[in-house]
Amino acid sequence: MVYVPNEWFFFNPYVKSNYKILKKIPSKTGVVFFKNNNTNPQNDFFLTIKPYIDWCRKKRIKFILPSSLYWANKYKAFGIFVDNRKKKLNFSINFKTIKKKYFIAAKVHNICEGLNSSEYDFIFISPVFKTSSFPQKKPLSRYFFLSLCLLMKKKKLFALGGVNKHNYKKLKNINIHGFGGISNFIYLGISNDI
């Protein structure tokens with residue numbers, strides 16, 4: 001059986017302080033590469049993350065890339081992250097073919113997206129708490145969070161958005177595998193040389 005990390009660091013390569021965090025995460029933590037905006041061309045993004053990919057591979061850290069079969073093959077990714085709202089992939093192969101080689105991950109923000117998540121292996125339910133990374137996003141109510149957990153109970157579910165080791169304990173239920181985030185890992189980047 002393939003080991004799936006229960007903690008995922010969402011890594012934006014355009015935020016310089018994230019590299020210090022990446023250097024200190026344990027090998028049992030996974031990395032999800034992402035960018036907040038679409039101003040940079042897709043190829044530039046994938047070329048920018050190459051040194052970070054090399055770091056992950058050297059440390060045997062599992063990583064997930066945004067939806068590109070070409071770059072997932074090139075970098076030997078653990079998984080591919082799909083934008084669930086757009087249901088858009090930049091390749092035309094069906095999910096069954098892709099899933100033979102990669103895990104498919106997505107974010108789910110509501111019941112409608114949850115109902116349309118059957119193709120995905122990993123689902124990040126978001127946002128669970130208020131977060132400094134995306135302060136404009138309103139957290140899901142406890143009721144909706146639990147409803148999504150029940151709706152997608154056959155998937156590997158992760159809480160995302162303002163989650164840390166302390167408040168994760170409040171969420172833990174039989175269907176949650178772990179959590180992802182940014183702020184939970186910030187303490188790793190704090191050192192005297194900042």
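Residue indices begin at 1 and follow the sequence shown. Side-chain atoms are counted along with the backbone in the values below, which use heavy atoms only and exclude waters and symmetry mates. Owing to the predicted nature of the structure, the values given are computational and were not obtained by experimental measurement.
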Student: Here's a test for you: under side chain to side chain contact (heavy atoms under 4.5 Å, CB included), which of N164, V163, I21, T29 qualifies with N184?
Tutor: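 Running side chain to side chain contact (heavy atoms under 4.5 Å, CB included) over N164, V163, I21, T29 with N184 returns exactly one hit, N164.
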Student: Under 3.5 Å, side chain of Y102 to main-chain N/O of N73, donor-acceptor pair present?
Tutor: yes
Student: Of the options Y52, W55, Y75, which is the one that meets F63 in a side chain to side chain contact (heavy atoms under 4.5 Å, CB included)?
Tutor: Y75
Student: Would the distance check show the side chain of D121 and the main-chain N or O of I104 forming a donor-acceptor pair, the cut-off being under 3.5 Å?
Tutor: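 At least one qualifying donor-acceptor pair exists.
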Student: Mind checking the CZ-CD1 spacing from F124 to I64? Nearest 0.5 Å is all I need.
Tutor: 5.0 Å
Student: For a side chain to side chain contact (heavy atoms under 4.5 Å, CB included) check, start with the C-alpha distance between I125 and M152, then their side-chain angles and the critical distance, and finish with the verdict.
Tutor: CA-CA 10 Å; I125 300 173; M152 301 176 295; 3.9 Å; yes
Student: Any salt bridge between E7 and K165, counting N to O under 4.0 Å?
Tutor: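 Here E7 pairs with K165 in a salt bridge, since their nearest N and O are under 4.0 Å apart.
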Student: Without swapping roles, check the side chain of H109 against the backbone of L140 for a donor-acceptor pair under 3.5 Å.
Tutor: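 Judged by distance alone, no pair lies under 3.5 Å.
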Student: Can you see which heavy atom on E119 is nearest to which on K99, and at what distance?
Tutor: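 For E119 and K99, the tightest heavy-atom pair comes out as O-NZ, 3.0 Å.
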Student: Nearest 0.5 Å, please: how far is CD1 in I123 from NZ in K154?
Tutor: 13.0 Å
Student: Has Y143 got more than 12 heavy atoms of other residues, nucleotides or ligands less than 6.0 Å from its OH?
Tutor: no
Student: Tell me whether K50 is salt-bridged to D54, with the criterion being a basic N under 4.0 Å from an acidic carboxylate O.
Tutor: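 Counted as a salt bridge, because a side-chain N and a carboxylate O are separated by less than 4.0 Å.
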Student: With rounding to the nearest 0.5 angstrom, report the NZ to NZ distance, K20 to K16.
Tutor: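 If we round to the nearest 0.5 Å, K20:NZ and K16:NZ are 11.5 Å apart.
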Student: Checking ring-ring contact (aromatic ring centres under 6.0 Å, His included) against F185, which of F10, Y19, F9 comes through?
Tutor: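 When ring-ring contact (aromatic ring centres under 6.0 Å, His included) is applied between F185 and each of F10, Y19, F9, only F9 qualifies.
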Student: With rounding to the nearest 0.5 angstrom, report the CG to CD1 distance, L22 to I61.
Tutor: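 That separation rounds to 6.0 Å.
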Student: If I take atom NZ from residue K62 and atom OH from residue Y3, how far apart are they, to the nearest 0.5 angstrom?
Tutor: 7.5 Å
Student: Any chance you could measure K155, atom NZ, to C149, atom SG, to the nearest 0.5 Å?
Tutor: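 That separation rounds to 14.5 Å.
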Student: Determine whether a donor-acceptor pair (N or O, by modelled atom type, separation under 3.5 Å) exists between the side chain of S68 and the backbone of W71.
Tutor: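 Yes; at least one donor-acceptor contact below 3.5 Å.
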Student: Using the ring of each side chain (for Trp, its six-membered ring), is F122 parallel, tilted or perpendicular to F158, with breaks at 30° and 60°?
Tutor: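 Rings of F122 and F158: perpendicular, as their planes differ by over 60°.
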Student: Would you check if the distance from the ring center of F34 to the ring center of F81 is below 6.0 Å?
Tutor: no
Student: Could you check whether any side-chain heavy atom of P13 comes within less than 4.5 Å of a side-chain heavy atom of N18, counting everything from C-beta outward?
Tutor: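 In short, these two side chains do not touch, never coming nearer than 4.5 Å.
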Student: Do V128 and F179 come within less than 4.5 Å of each other through their side chains, counting heavy atoms only?
Tutor: no
